[in-house]
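Here the structure is a predicted model, which is why all the values come from computation and not from measurement. The chain is numbered in sequence order, starting from 1.
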Amino acid sequence: MKIKSIYIAGIALATAGLLTGCSSDYLDVAPKTDVSDTSLGDPSVAKGLVDGMYEAMNTQYSRLSMNNTNVGEASINMFCGELCGMDYNSAFLPNYWTSINLENGYVVLYPWMYYYNIINQANYLIKAIPGTGDSHENVDSELLFYKAQAYTMRAHGYTKLLQFFGQRWEDSDNGEAYCIVLRTEPGTDPTPLVTMNEVFKVIYEDCDNAVKLYEACGMQRSNMWEANADVANGIWARAALIKHDWRTAAVKAAAARKAYTIMDDKDLYNGYVSQTSETMWSMNPDFVTTYYWSWGSLYSCNGGYVENWDQGAGAINIDLYNKLDANDKRRAFFWMPDKLKAIRSSQNPGKIKESDFWNPKMVNELNFLNMSSTNIYNKKDKQGFGMLNVVAYWLNDYYLNVFTGDRNLIANKSGLYNLCTIKQKSNNNKRDVRFKLPEGGDHFVEPFPVQFGAQCKFWSIQPYGNMEFPWMRASEMALTEAEAYYHLNEPGKAITALSAVQSKRIPNYSCNKSGDQLLDEIRTARRIELWGEGFNFTDIKRWNIERTRRVWVANDVTSGNVPKSEWSGYDEAGMRKLSSTKYCNGWRFTIPAYEYRYNDAIDLGKLKVISND
């Protein structure tokens, strides 16, 4: 077995056991390695193990029974970061939020398994390769580089685990609350729970060691899915946000983004099919490790399963959308009622109005608020309403005049995937809407799934729907600086950092707000800029705000755009409990039973209990 595949196989095998109900627990099928400490002193061997960590972040774990949830880091960001948040509406696993308190639930099993496997792999390298950030004489520079990456990845794993399984800082007793197990040695021996402060100590030290080793080795990464000093500083800033260490967050975020430029319109609308000027860390766009279960095939606007399963590629919560400046360029991503203003009358034969977004004849409540597939206007007998006509024209206009990515990368050459719901086919359906596109041929729109609030932010590369999904961007770091400086009572610096992003998104942007209004401006900017990238849950958790998701009510234009089915089975009191900041012990993911049944050193009684009555 190739060295880089050792841990991939371990993860896949362990996960297969979890999801198929086998008796073997996750840690009963611990990753195996025949790589000795001595052999890891060989740079080529160490590189193989480092490559394995990155491959784990990009790989389709083919033995999973729920394949649409298994593409490494991007999947974690979606399921834990977005579906557990409040700004993203998805037809895939819409009730994910209610699973964070289930000890056998997938939402807690996946991140626990995934990050501890990466951490364990990093532990082998850290132990085997000599040299630290302070002492590294007579150590091969290449080995120092790999050790720096191992430190970075271990810090990343523990930061993510704290975000999900740790207490909100306000509930943490200044970091003395118990949270997760801390493994800094290779292996999966029984290990007790530790406090958040003990985990923070390892994260800070790992990031510090990593940055020093990157500088000492003088080497640079070859690919954007690999870590470097910028990524290490960015992870450091993320960890500092969790514990409200504002000065560290500001300083490390600034260091992380100094080599990058906040992207302009050309990159903003490129769909992440290629690298942008501010990409700091991103998914491997090669389809070799993902094939047809890629993140993009399910969650990009031109993903194949989006059309075939009639479920949509994700939509924005209208309450966030309505908070945006009327001229915000990020509004262009989303199919919302205000888009009707840009539709010509000839493209709106049914005279669709904004209020029709709440018309049950035009929006299918039972299918995640998709635009009803029966609503293409029939010009011959003037029947139908024509909601799909205007959606189709909006999508076509976005593809022609807004999207700036390489169209050759998303072209429908294989016939496997649709092109933003626009397909080339013979004109044999009277309900088709017809277009002419630059690449030639007749293109038509069939009844298709487009949600209320559907997004065109993320596109994918044919034939398998891969993309350069961002794991870290300079905009995130700038907005981290803005938030940190606000809490440091340095509003001038906060506005400067905020404006670095907002001035690229809102023409003639200026900010003279202060106090709570400035904080709300920073938070709103972060929510929209990073929408769909995996930050929403962890952000609103540390902000200590309720998870507000207002349902769609037929013919009520003041209602939200969250399907009622999301709250199925809950009365008003139940909905309030689920939305509360106290839900599930302050949004602390439950430790999986697979860990504590194996790990008899865990004392669950040490975990803090927060009443939600």
Side-chain angles (χ1 to χ4, degrees), residues 77 81 87 159 207 211 224 228-242 244-270 272 275-282 320 323-325 327-330 333 457 468-514 517-536 538-540 542-543:
N77 288 343
D87 291 338
T159 298
C207 290
V211 171
M224 293 305 296
N228 65 359
D230 304 325
V231 172
N233 277 316
I235 291 168
W236 204 339
R238 288 175 176 176
L241 282 183
I242 302 173
H244 297 180
D245 180 2
W246 304 118
R247 183 63 64 186
T248 298
V251 170
K252 299 306 176 184
R257 73 177 180 99
K258 65 182 179 180
Y260 306 86
T261 303
I262 303 298
M263 60 187 177
D264 58 17
D265 292 4
K266 186 177 186 302
D267 280 348
L268 181 66
Y269 298 124
N270 86 344
Y272 296 101
Q275 186 179 335
T276 75
S277 65
E278 64 170 73
T279 301
M280 298 173 60
W281 201 21
S282 63
L320 171 58
K323 289 173 70 73
L324 305 182
D325 185 281
N327 297 312
D328 196 314
K329 296 175 181 179
R330 292 164 294 202
F333 291 136
K457 178 178 179 178
E468 296 203 25
F469 183 87
W471 294 336
M472 186 179 290
R473 294 197 284 124
S475 284
E476 176 205 345
M477 293 297 116
L479 294 168
T480 295
E481 288 180 65
E483 184 178 345
Y485 281 124
Y486 170 85
H487 288 290
L488 290 167
N489 197 27
E490 299 181 44
K493 290 183 177 179
I495 290 174
T496 297
L498 172 65
S499 298
V501 177
Q502 295 293 80
S503 63
K504 294 288 187 74
R505 309 291 181 253
I506 304 172
N508 304 313
Y509 177 81
S510 64
C511 179
N512 57 7
K513 295 179 180 178
S514 61
Q517 289 186 332
L518 175 56
L519 181 59
D520 185 63
E521 180 94 349
I522 293 169
R523 288 177 173 177
T524 299
R526 186 176 175 96
R527 288 167 64 189
I528 185 59
E529 179 66 25
L530 302 178
W531 181 91
E533 297 177 38
F535 296 90
N536 191 238
T538 54
D539 280 343
I540 62 176
R542 61 186 180 78
W543 292 338

- Salt-bridge criterion met for D264 and K266 (N-O under 4.0 Å): no
- Do R247 and E490 sit within salt-bridge range, that is, some charged N less than 4.0 Å from a carboxylate O? yes
- Can Y509 and D325 be counted as having a side-chain donor-acceptor contact under 3.5 angstrom? no
- Under 3.5 Å side-chain donor-acceptor pair for R526 and T480: yes
Where [X] and [Y] come nearest, the two heavy atoms and their spacing:
| X | Y | value |
| --- | --- | --- |
| T248 | D245 | OG1-OD2, 2.8 Å |
| A256 | G234 | CB-N, 3.6 Å |
| E533 | P470 | OE1-CG, 3.5 Å |
| L498 | A482 | N-CB, 3.7 Å |
| V211 | A232 | CG2-CB, 4.0 Å |
| R505 | P507 | O-CD, 4.0 Å |

- Describe, in one word, how the ring planes of W281 and W471 are oriented to each other, choosing from parallel (under 30°), tilted (30 to 60°) and perpendicular (over 60°). perpendicular
- Item | Geometric class of the Y269/F333 ring pair [parallel <30°, tilted 30-60°, perpendicular >60°] | perpendicular
For residues [X] and [Y], determine if any side-chain heavy atom of one lies less than 4.5 Å from a side-chain heavy atom of the other.
| X | Y | value |
| --- | --- | --- |
| S282 | R473 | no |
| N233 | M477 | no |
| N327 | N508 | no |
| M472 | I235 | yes |
| D230 | Y260 | yes |
| S475 | I262 | yes |
| E529 | F535 | no |
| I522 | H487 | no |

Quick one: [atom1] on [X] to [atom2] on [Y], what's the gap to the nearest 0.5 Å?
| X | Y | atom1 | atom2 | result |
| --- | --- | --- | --- | --- |
| I528 | T524 | CD1 | OG1 | 9.5 Å |
| L241 | T538 | CG | OG1 | 9.0 Å |
| Y486 | R523 | OH | CZ | 8.0 Å |
| T496 | Y485 | OG1 | OH | 9.5 Å |
| R527 | L479 | CZ | CG | 13.0 Å |
| E521 | N512 | CD | CG | 9.5 Å |

- Message: Against R257, only a single residue in E481, E278, E476 fulfils side chain to side chain donor-acceptor pair (under 3.5 Å); can you say which?
- Response: E481
- Message: Between K457 (side chain only) and W531 (backbone N and O only), is there a donor and an acceptor less than 3.5 Å apart?
- Response: yes
- Message: Using only atom types and a distance under 3.5 Å, with no angle test, would you say the side chain of T276 pairs donor to acceptor with the backbone of T279?
- Response: yes
